[in-house]
Q: 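The structure under discussion is supplied below as structure tokens; questions concerning it will follow.
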Protein chains: 2
Amino acid sequence: MRLTTKGRYAVTAMLDLALHSSERPVSLADISQRQDISLSYLEQLFSKLRRCNLVSSVRGPGGGYRLSRGGGDIFVAQIIDAVNDTFDATGCGGKADCQQGEVCLTHYLWCDLSDQIHGFLSAISLSQLLEKREVLTIAARQDARSDAGQRVPAIEIKGDTLLVTEI
Amino acid sequence: MRLTTKGRYAVTAMLDLALHSSERPVSLADISQRQDISLSYLEQLFSKLRRCNLVSSVRGPGGGYRLSRGGGDIFVAQIIDAVNDTFDATGCGGKADCQQGEVCLTHYLWCDLSDQIHGFLSAISLSQLLEKREVLTIAARQDARSDAGQRVPAIEIKGDTLLVTEI
DNA sequence: CGATTACCTACTAAATTGGTCAACTATAAG
DNA sequence: CTTATAGTTGACCAATTTAGTAGGTAATCG
């Protein structure tokens, strides 16, 4: 398990996707603008996310990416694993020159810690993160009650109806 | 919180230190041999570990390093933080151009995950790891003998928090 | 003294991160 | 059919980090 900025970018992008893909697919350009991640870097990340079946793509005008399944079935660990292609574990696992049992054990202990964290992140879904976000948003609104509540509505024109969704 | 090979090297070296420093100080050359880490890289790591008061040094022949205090008072998170000097958090925390509350929130959620992992690793001491090592050694011996391999789960996932019951 | 070992600085090679660019392909809208 | 949109791929690049080297100084012990 590796925790780097790469994984954070991926999780952030997936959160953005989960937030905005209720109606139409979300283009990487949109995510790039909203989350301030370079478009080309997003392309790299989503190429891997797609290969791991975490997102599905829709081509052509109005296309973009969607979560491949519900946010409740996509877990943070899956996202991080998808973009960290080289999970060589310990370098010791593969090599046969582990001269002493002791070396193996210390490596094993590190693996164990890593696995525990992996298990932790495997239990947190995108939906759970979003729920937490809602809680935090409400808390923030209550904090800044006196000021303008600045809710940001997303207005979409769908056919002949006007869709106003509060985010 | 960053989990990379650097931190793993540091934890491995500290485990080696905890294992062998009961009598005399342990030289980096010894650790280098036993754990197959280059001596110079160990010097870099231990320079930081010493600056963070995790180890104390003894110069001269027969010198080396010792844990600065009992293994029960040194925690994995401290070791990892010591060698990862640049803990810039999210890059968003400092920057003021967080245009929308939304961006801050996704970043905040990542921070929150990271903090939970940090808290998790802050609860695991070197001594606990060593105890686990003993358990595993015994278990391995028992496995080899009677094929009764059962691994005791030390950490439970309860909601989105980690319960460290016993290690 | 001389051997040992920590300690320090500078340097280098490899890998990773983050990003750019260009060409290409599939698709949907007009 | 044409064209714009948008995904896909691959090559390339700069900055940073990781990992390791080389060479020296300082302290300490026998």
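Protein chains get the first letters and strands the later ones, always in sequence-line order, with residue 1 at the start of each.
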Q: Sequence neighbours left out, cut at 3.5 Å: what donor-acceptor pairs do the side chains of residues 39-47 of chain A make with other protein atoms?
A:
from	atom 1	to	atom 2	distance (Å)
A/Ser47	OG	A/Arg51	NH2	2.5

Q: Counting side-chain heavy atoms from CB outward, which of C/dA6, D/dT9, D/dG7 is closest to A/Ser27?
A: D/dG7
Q: Is there a side-chain polar atom (N or O) of B/Ser57 under 4.0 Å from OP1 or OP2 of C/dC7?
A: yes
Q: Could you tell me the separation between the CZ atom of A/Arg51 and the C1' atom of D/dG7, rounded to a whole number of Å?
A: 13 Å
Q: Which residues pass the side chain to side chain contact (heavy atoms under 4.5 Å, CB included) test with A/Ser122, not counting sequence neighbours?
A: A/Ala77, A/His118
Q: Once you round it to whole Å, what is the distance between C1' of C/dT5 and CZ of B/Arg24?
A: 14 Å
Q: Under 4.0 Å between a side-chain N or O of B/Arg2 and OP1 or OP2 of D/dT18?
A: yes
Q: For residues A/Leu54 and A/Ile74, report the shortest heavy-atom separation together with the two atoms involved.
A: O-CD1, 3.6 Å
Q: In the 5'-to-3' direction, what one-character label does each nucleotide of nucleotides 19-30 of chain D receive under the scheme B = base within less than 4.0 Å of a protein heavy atom, S = sugar-phosphate only, - = no such atom?
A: BBB----SBBB-
Q: Might you work through the side-chain contact (heavy atoms from CB on, under 4.5 Å) test for B/Val26 and B/Arg34, ending with a clear yes or no?
A: CA-CA 11 Å; B/Val26 180; B/Arg34 274 193 297 260; 3.4 Å; yes
Q: Using the test side chain to side chain contact (heavy atoms under 4.5 Å, CB included), find all partners of B/Val11 that sit at least two apart in sequence or belong to another chain.
A: A/Trp110, B/Leu15, B/Val76, B/Ile79, B/Ile80, B/Leu129
Q: B/Asn84 CG to D/dT16 C1': how many Å, rounded?
A: 14 Å
Q: So what does A/Tyr65 touch, heavy atoms closer than 4.0 Å: a base, only the sugar-phosphate, or nothing?
A: sugar-phosphate
Q: Using side chain to side chain contact (heavy atoms under 4.5 Å, CB included) as the criterion, list what pairs up with A/Ser114, not counting sequence neighbours.
A: A/Met1
Q: Between A/Asn84 and A/Gly7, what is the shortest heavy-atom contact and its length?
A: ND2-N, 4.5 Å
Q: To the nearest Å, how far apart are B/Leu3 CG and D/dT18 P?
A: 12 Å
Q: In whole Å, what is the span from the CG atom of B/Leu42 to the C1' atom of C/dC8?
A: 16 Å
Q: Without decimals, in angstroms, what is the distance between A/Asp30 CG and D/dT5 P?
A: 13 Å
Q: Output the rounded distance in Å from NZ (B/Lys48) to C1' (C/dC7).
A: 15 Å
Q: How far does the helix from C/dC1-D/dG30 to C/dG30-D/dC1 bend, going by the axes of its first and last five pairs, to the nearest 10°?
A: 20°
Q: Please enumerate all residues that pass side chain to side chain contact (heavy atoms under 4.5 Å, CB included) together with A/Asp73, with sequence neighbours excluded.
A: A/Arg69
Q: What integer distance in Å separates A/Arg50:CZ from C/dA26:C1'?
A: 12 Å
Q: Got a sec, which residues hit ring-ring contact (aromatic ring centres under 6.0 Å, His included) with B/Phe75, two or more places apart in sequence or on another chain?
A: none
